[in-house]
Number of protein chains: 2
Amino acid sequence: MGRPTTKDLAKVAGVSLATIDRVLNARPGVRQVTVERVNRAIKEINFVRDFSAANLARSKEYELVFLLPDHDDEFIGLIREAITEANQSLAHERINVTVVRGPANDPHRLAEEIDTLSALGVDGVAIMAPETPQVRDAISRLDARGIAVVAFVANQPNAESTSFVGINNQAAGRTVGQLMARFTGEKRGMVLVQTETIQSRDSQERRLGFDTIMAKYAQRLKVCPSLEDYGDPVRTAQIFKAALQSDLPVVGIYLMNHDIHEAMQAIEAFGPSQGIVVIAHELTPQTCARLVDGSLDAVITQDVGHLVHSSIRVLKAKITNTSTVASQERIRIEITLRENMPEEKPTVAENIE
Amino acid sequence: MGRPTTKDLAKVAGVSLATIDRVLNARPGVRQVTVERVNRAIKEINFVRDFSAANLARSKEYELVFLLPDHDDEFIGLIREAITEANQSLAHERINVTVVRGPANDPHRLAEEIDTLSALGVDGVAIMAPETPQVRDAISRLDARGIAVVAFVANQPNAESTSFVGINNQAAGRTVGQLMARFTGEKRGMVLVQTETIQSRDSQERRLGFDTIMAKYAQRLKVCPSLEDYGDPVRTAQIFKAALQSDLPVVGIYLMNHDIHEAMQAIEAFGPSQGIVVIAHELTPQTCARLVDGSLDAVITQDVGHLVHSSIRVLKAKITNTSTVASQERIRIEITLRENMPEEKPTVAENIE
DNA sequence: CTTGACATGAGGTACGTACGTCATTTAGAA
DNA sequence: TTCTAAATGACGTACGTACCTCATGTCAAG
C-alpha cells in the first residue's frame, strides 16, 4: 500500500470525493464542520496531496520569473546560466523559468517593470534589486494579486511576506574581516575597501561586518573609508593610485564589487607586486583565474546554483502553499581559496539514449 | 501548447502510440529502423518524457537505501537527519529513502549486508564504507542486478559505474594546509596531525594534500607523523600529552577525525591555552560550539544536506537513465569560521493549512 | 501457398487528482 | 409543514504515460 489517496481520505472522513476536492482546493460550498472533519481525517491518515498528479490534472505550468539587473557582469552571467540550467532540469516538474531584465538604478521604471509582470500570468517572481520604496510598493502589488515573491541576493527587509534567498551580508563582511585579520599576519599598515557606492545596502552591511571584526582582531591595521568608484574605470584607477601611493603601506584590500577587473589592474599597476592580501566576492571565471595565479587570496562566495534552485523551491512552496525544509534553503557564505576551488569533475550520469 | 506528448511523437514519427511506448520503455518487438525513426522524431520535436505522469502510471515508488557505518558519531547523526528530511520532501516524487547500518570495519559482513539489499526490491544504494575488495565485489553484484550505486562520502575508485558523491579529500587536505600556513602567521614550531588510522584512504589523501601545501608555503613548520588513536580515548590523551609536552612548541593541530571531543580535551589539558591553530572537519554541534568559543579556528565542511540530496538525484538519474546537471552535483569543500557559520534563520514558508 | 515468427496498430484500463454538471439531501426559515 | 438555499453526492472526462490484450500486417522459410 502506497500513500493514502483522496479516495482513502473520503472514506475516512465519511464524505464524498467531491467534498474532498472542494476542501482541498478551497472551493466554496462546504460547511465549516465538514471542512474540519476532512482536516482531521487528513491528519489522521497523514494524507499528502500528490502534486505530480495534481499538476498533471491541472495541466498547468508554473511560470516563474527572475527579475535581474540590466547590466551584465560576470556574476549576473553566472546567475543566468544557473537559471537556464534549472529551467531544463525543472521542465519535468512543470516549472517554467524566465529571466526579465530591469533597470536596477531607476526605481520608478523598475517598479513599472514589476507591475508589467503581474499581467502576464506569472505565478512567482524572484527579484534582485536594491531596496527602494518604489520597488517595495510594486512588490506589495504583486502580493495583492497573489503572486509569490522572493527577494533574490539583495534583501527587501521591508517588503512583507517576501522571503529572502541570499546571504547575510553583515556576516559575509565579518568573514572577510576575519580572513583579512589572519591572512595579514602581524603586519601593520592600511586596508583599503572598494565599492561601487556606499549607498547600497549590501555594501553598508558588508562594511559594517568587516569593521566590527577588524576593530576586534586587527587594531594594528588602519581601515580606510570606502573607496567609491561609481562603476567608472577611470575613477577606479585614480582612487587606487592615490591610495596605494600614500605613506602608510597597504597590506590588505577588500573588493566588494562583483566586477574586479579594473581594480585589480590598478592594484597591479600601482601597488607592490607581493604581499597585499586581496579578498573579493563571488566566484567567477575572473576571480577563479586570479585565485589560481595568486593575485587574489580569498573569495567569498554564495553558490549561484543553490541560490537559483532555492529561490525556485521557495516560490513553488509559496504558490502551492506547502512548506520548505528550512535547512536546505539556507545559503552558505562560502570561502574559496585556491585549494578548494571547484574542479570541473566529469559528468556523473549518462544521457538519455 | 505545452511540451510535446507521446501522441505528438507518434504523429511525427508516423507510428502508433503502442510502438512509441515500446521504444520508450525498451520493450521488444520493434525493428531497429523503427526505433531509429522514433529516436529521430524525439530529437526533432525535442520530446521529453513526463516523469510525473510516467511514475503515476507505473504507480511505482523508488526505493533508495543509504548504507551507513554502524557506529554513531555526530557526523553520521547529521547525515541521518538530512536523510529523514530528504525523505519527507521527496515523498511527493515517489522516492522512498531508508537507512541501513552496516559494520564498517568488517568487510565480509558488510558485503553480506550489501548482498541482502538486492533481495529487498531496492532500486538504488548510496554506500558509505571504506574501500575493500569485498565491498567492491558486492557493489559489482548490485550493479549486475541493475541496482544503481553511489559511493557516498567515501570514494570507491575501483568500483566501476559507481559515481562518487563527496569531496576530493586531497583538495580538502590542501585547503587545511593553506589555512594552517596562513593562520599560523610567521610562527615557527610543530604541527600535529591526528587521525583514527592512517590506513584509511581518506586520511591518506587528506594528509597528502596537507603535506603538499605545508612543504610549499610553510617550511618554517615541522609537520609530525600522523598521530593514530584507533578511536581509543585513552590513547588519544596519551599521544597528545606526549606531543604537546615535547621540546618544539606546537603551533598548529589538524584533527582529521569526525569525533574531536577527546582530542580537544587533551589539547586543553596539556597544551597552552592560547595561540595554537586548530583545524577540524565537519560542522557538527560540537565543532560549531568550539568555533564559537574559539578553541577551533576553522572547520572544513561538506554540506550534509547537499551530499544527501545529490546522492538521491544521481541515483534517480541512474535508475531512470536520465542525466544530471554536473555543476549541481559538485560537492564543495567549504571553509567555516566563526563568522560564516550558518545561523538558524526562521522558516521561510508556511505549512499546509 | 501455407505457416509461423515477428512487427505494428487499435483500444482499453489504470494511476491520483482537477473540475465540471446535475441530482439529491439537509438545514433553517417561513 | 413547506419552501428554498446551501451542502453534498454521483459520475464523467481529462491530464500524460504505462501496460495489457487482441487484431492485423509483413515477410521469409518451408
Side-chain angles (χ1 to χ4, degrees), chain A residues 1-39 41-42 45-62 91-95 123 319-322 352, chain B residues 1-39 41-42 45-62 91-95 123 319-322 352:
Chain A
M1 250 323 264
R3 303 211 315 271
T5 71
T6 41
K7 273 183 196 165
D8 305 325
L9 185 56
K11 209 169 292 171
V12 172
V15 298
S16 73
L17 268 179
T19 302
I20 293 295
D21 179 65
R22 292 183 185 111
V23 173
L24 284 181
N25 297 293
R27 276 185 253 280
V30 187
R31 272 182 308 166
Q32 193 53 35
V33 260
T34 314
V35 172
E36 272 152 26
R37 189 138 51 100
V38 171
N39 282 331
I42 288 179
I45 64 174
N46 195 19
F47 170 85
V48 262
R49 196 201 309 231
D50 183 328
F51 282 100
S52 328
N55 289 336
L56 179 59
R58 280 197 188 97
S59 66
K60 140 137 193 128
E61 311 234 326
Y62 295 103
H92 296 315
E93 305 187 34
R94 304 189 126 63
I95 294 181
D123 303 292
I319 293 168
T320 59
N321 199 32
T322 49
I352 284 183
Chain B
M1 253 316 270
R3 303 211 312 273
T5 72
T6 41
K7 273 183 195 163
D8 306 323
L9 184 55
K11 208 168 292 170
V12 172
V15 298
S16 73
L17 268 179
T19 301
I20 293 296
D21 180 63
R22 291 182 185 111
V23 174
L24 284 181
N25 297 293
R27 276 185 254 280
V30 187
R31 272 182 306 167
Q32 193 54 35
V33 260
T34 315
V35 172
E36 273 152 25
R37 188 137 51 101
V38 171
N39 281 333
I42 289 179
I45 63 172
N46 195 20
F47 170 85
V48 264
R49 197 198 309 231
D50 183 329
F51 282 100
S52 326
N55 288 336
L56 179 59
R58 280 197 188 97
S59 66
K60 143 134 190 130
E61 310 235 325
Y62 295 104
H92 296 314
E93 305 188 34
R94 305 189 125 64
I95 294 181
D123 303 291
I319 294 168
T320 58
N321 198 33
T322 49
I352 284 183

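These numbers come from the heavy atoms of this one structure, side chains and all, not from hydrogens, waters or symmetry mates.
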S.K.: At less than 4.0 Å, is any side-chain N or O atom of B/S16 found next to OP1 or OP2 of C/dG9? Yes or no.
M.R.: yes
S.K.: Toward the 5' end of DNA chain C, which comes first, A/R27 or B/V33, by nearest nucleotide?
M.R.: B/V33
S.K.: Tell me which of B/S52 and B/R22 sits closer to the 5' end of DNA chain D, going by the nucleotide each one is nearest to.
M.R.: B/S52
S.K.: So if I take every side-chain heavy atom of B/L56 and compare against D/dG16, C/dC19, D/dC19, which nucleotide ends up nearest?
M.R.: D/dG16
S.K.: Would one find a side-chain N or O of B/T19 under 4.0 angstrom from OP1 or OP2 of C/dG9?
M.R.: yes
S.K.: Using heavy atoms to find the nearest nucleotide of DNA chain C for B/A57 and B/I20 separately, return the residue whose nucleotide is more 5′.
M.R.: B/I20
S.K.: For B/R31 and C/dA7, is the shortest distance between a side-chain N/O and OP1 or OP2 below 4.0 Å?
M.R.: no
S.K.: Do A/R94 and D/dG16 have a side chain to base donor-acceptor pair shorter than 3.5 Å?
M.R.: no
S.K.: For the pair A/R94 and B/D50, find out whether any cationic side-chain nitrogen is under 4.0 Å from an anionic carboxylate oxygen.
M.R.: yes
S.K.: List the atom of B/V12, the atom of B/A41, and the distance in Å for their closest heavy-atom pair.
M.R.: CG1-CB, 3.9 Å
S.K.: Report yes if at least one side-chain N or O of A/T6 is closer than 4.0 Å to OP1 or OP2 of C/dT17; otherwise report no.
M.R.: yes
S.K.: What's the angle between the local helix axes at either end of the helix from C/dC1-D/dG30 to C/dA30-D/dT1, using five pairs per end and rounding to 10 degrees?
M.R.: 40°
S.K.: NA contact type, A/N55, heavy-atom cut-off 4.0 Å: base, sugar-phosphate, or nothing?
M.R.: nothing
S.K.: Taking only the side-chain nitrogens and oxygens of B/R49, find out if one of them lies under 4.0 Å from OP1 or OP2 of D/dA18.
M.R.: yes
S.K.: Just wondering, are more than 12 heavy atoms of other shown residues or ligands nearer than 6.0 Å to NZ in B/K60?
M.R.: yes
S.K.: By the 4.0 Å heavy-atom rule, please label B/D50 as base, sugar-phosphate, or nothing.
M.R.: sugar-phosphate
